[in-house]
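Side chains are part of it too, since the values below use all heavy atoms of this structure and drop only hydrogens, waters and symmetry mates. What you are looking at is a predicted structure, and each value in this text was computed from that prediction instead of being measured. In what follows, chains are A, B, ... by sequence order, proteins preceding strands, each numbered from 1.
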Amino acid sequence: MTATTLPSPKAMLRLAPTEMLALAFVALFVVVGVAGPYLVDFNPAATDTAARLKPPFTTLANGSIAWLGTDAVGRDVARQVIYGARVSLVVGFTSAAVATAFGIVIGVWAGWAGRRTEQFLMRIVDIQLAFPSILIAVFLAAFIQPSLLSVILILAVTRWAVVARVARAITARTLAKSYVEAAIISGESTWRIVRDCILPNLWIPLLILMSAELSLIILAEASLGFLGLGTPIDVPSWGRIIASGRNYLANAWWIATLPGLVIVIVVVSIGVAGEVLRRRLGRGVSAAL
Amino acid sequence: MIAFIGTRLFNAFATLVAAVIATFIMIRIAPGDPVLVLLGDLATPDQIAAGRIQYGLDRPIYEQLLIYVGKAFTLDFGNSVIQGRPAIDIVAQRMLATLTLGAVTFALVIAVAVPLGLAAALWRDRWFDRATSSTSLVVLGIPDFWLGLVFILIFARWLQILPSSGWSSPSAIVLPAITLALPLIAVNMRLMRNEAIGVLNANMVKILRAKGVPTGRIVSHHVLRNALLPVLTVGGVQFGHLLGGAVIVETVFGWPGLGRELITAISYRDYAVVQTCIFVMTFLVVAVNFAVDFGYRLVDPRLRRS
């Protein structure tokens with residue numbers, strides 16, 4: 001019988017098999033997202049009526065195997081998924097980055113300024129957090145012509161508030177430290193204090209938070225695509241593929257279901273990877289999140 | 001308490017005004033003349049001229065904003081270009097379907113999440129706790145629209161035991177409610193677990209145990225009551241997220257609620273209905289948050305003092 005103790009540092013670094021698998025999936029997602037269009041040959045506009053609605057593992061006329069079947073106009077679903085990974089990856093990372101950057105600016109500003117400014121900025125954050133982000137995304141998308149850029153910005157708008165809240169909390173806590181007081185007394189400029197005292201405390205918690213944001217943004221992008229409010233038709237995205245399979249559930253179940261499984265795997269893997277990140281880097285910061 | 005209600009009421013009102021101003025700005029950002037945006041591409045020149053005066057588009061921008069906000073708060077959003085009747089009438093009708101779905105979902109979430117969370121807390125770190133914990137991680141990674149389609153495929157197409165869409169028979173609510181409930185069950189179960197563990201570790205429970213009170217009674221009379229309150233509050237806050245999920249789930253299942261109306265109106269560029277949906281949904285979120293804040297303080301006397 002051993003008493004319950006904290007795992008040794010080495011045990012904390014060790015990865016469980018499921019975690020290794022999850023990290024491998026995240027790596028695969030990034031590689032496919034970056035290099036996908038160079039790995040497979042796919043033309044979203046090309047149609048092949050002879051090959052329409054073929055089930056998974058069908059060998060097509062040109063000798064290739066449609067691992068995930070073909071859609072209503074004979075396009076290979078697996079190739080669409082590989083192409084769609086790029087949209088998810090690009091939108092996910094840029095949106096999360098924009099949201100984080102904006103959230104840091106607002107959060108640090110609020111924490112630094114205090115008083116009325118802080119109250120006002122945090123009130124906005126509270127108001128926004130009362131609304132589900134997908135609702136805000138749909139509200140905004142209702143008025144804007146869909147493009148890759150608009151989707152990135154819309155999703156960034158829906159996610160910045162959480163970052164701002166965390167950044168403000170950390171800023172306020174850091175400002176109470178004596179080394180900040182020392183810096184203020186010795187007449188350091190505001191910018192230097194923010195850069196050298198506050199920002200270094202933000203990176204790790206916000207990196208962990210960003211991994212969570214990434215999953216949520218990928219899900220939201222797919223939802224917008226499904227609703228027809230996402231990226232334009234000529235950009236294949238996962239949500240759009242699933243939407244296109246909706247009318248063929250009865251005779252071609254694979255179009256809507258298999259790409260969805262890919263989303264689940266990617267999002268869950270990012271979640272597990274985030275946990276690994278939190279365990280490795282996050283000692284002592286979990287309280288802030 | 002009165003000061004508290006006053007601040008919250010002011011916040012609620014400010015949020016609603018902010019939402020109305022945001023739609024006002026968005027309509028002007030949207031491509032095209034605001035009148036055409038509001039009246040649709042099919043508007044005749046007469047309608048356009050009338051609309052320009054009706055919405056006060058010939059006046060300075062701040063006056064336009066005031067007129068717009070005034071109209072919003074008298075629920076005058078104009079007529080739907082598609083259906084030709086007041087947008088508020090259409091939306092009010094849809095609200096009932098969404099609230100029905102929301103109520104059933106909420107009941108389902110509490111009925112499932114509370115016992116599961118409690119069980120996970122009692123068997124903390126045992127297989128049941130671990131299993132529910134990893135299941136909820138996976139559930140939160142599932143896109144709701146996809147889950148809905150998979151349910152339709154399994155229960156409506158293959159097994160043919162439940163309808164896939166509409167709301168003609170009572171059983172039609174089963175699949176949308178489960179789809180909407182699953183992620184919320186995952187969240188609330190974890191919350192219930194953590195709250196229950198907190199109570200189980202409290203001195204109060206140790207004393208009860210020492211007094212020889214049976215575990216069943218401790219759980220039902222003390223742990224449940226103390227742990228349930230935060231879960232119910234978060235449940236209220238989650239109402240907003242229910243509305244967000246409803247946009248997607250209603251679209252998947254053809255449930256005639258606010259969410260589907262919003263998406264349909266967006267696709268037809270029926271901006272009168274879009275704005276009304278946004279206003280009504282914002283109102284619902286704000287009203288429920290206010291009610292929860294208020295109710296929480298009423299139920300838990302400790303909070304009235306802070």
message: What part of Val288(B) gets within 4.5 angstrom of chain A, counting heavy atoms only: side chain, backbone, both, or neither?
response: neither
task: Give the C-alpha distance, both sets of side-chain angles, the deciding distance and a yes or no for side chain to side chain contact (heavy atoms under 4.5 Å, CB included) between Thr282(B) and Phe131(A).
output: CA-CA 8 Å; Thr282(B) 309; Phe131(A) 287 87; 3.3 Å; yes
message: Run the side chain to side chain contact (heavy atoms under 4.5 Å, CB included) test on Leu262(B) and Val138(A) for me, step by step, so that the C-alpha distance in whole Å, both residues' side-chain angles and the decisive distance to 0.1 Å come before the verdict.
response: CA-CA 9 Å; Leu262(B) 175 64; Val138(A) 170; 3.7 Å; yes
Residue Leu140(A) versus chain B: region with a heavy atom under 4.5 Å: both
- request: Look at the rings of Tyr271(B) and Phe143(A) and say which category their plane angle falls in: under 30° parallel, 30 to 60° tilted, over 60° perpendicular.
  value: parallel
statement: Checking heavy-atom separations under 4.5 Å from chain B, one finds in residues 239-249 of chain A Gly239(A), Ile242(A), Arg246(A), Leu249(A)
task: Search all heavy atoms of Leu219(A) against all heavy atoms of Leu140(B) and return the closest pair with its distance.
output: CD1-O, 3.6 Å
Portion of Val138(B) that has a non-hydrogen atom of chain A nearer than 4.5 angstrom: both
- prompt: Are Leu227(A) and Thr251(B) close enough that some pair of their side-chain heavy atoms sits under 4.5 Å apart?
  reply: yes
Side chains of residues 117-124 of chain A: which donor-acceptor partners sit under 3.5 Å, not counting sequence neighbours?
{"unit_1": "Glu118(A)", "atom_1": "OE2", "unit_2": "Arg168(A)", "atom_2": "NH1", "d": "2.4"}
{"unit_1": "Arg123(A)", "atom_1": "NH1", "unit_2": "Asn11(B)", "atom_2": "OD1", "d": "3.3"}

message: As an exercise: rank Gln238(B), Met26(B), Arg157(B) by heavy-atom pairs under 4.5 Å with chain A and give me the winner.
response: Met26(B)
Could you pull out all donor-acceptor pairs under 3.5 Å where a side-chain atom in residues 143-150 of chain B meets a protein atom, sequence neighbours excluded?
{"unit_1": "Trp146(B)", "atom_1": "NE1", "unit_2": "Ala256(A)", "atom_2": "O", "d": "3.3"}
{"unit_1": "Trp146(B)", "atom_1": "NE1", "unit_2": "Thr257(A)", "atom_2": "O", "d": "2.8"}

statement: In this structure, CG of Leu242(B) is separated from CG of Leu135(A) (nearest 0.5 Å) by 11.0 Å
query: How would you list, in number order, the residues of residues 273-281 of chain B that have a heavy atom less than 4.5 Å from chain A?
result: Val274(B), Ile278(B), Met281(B)
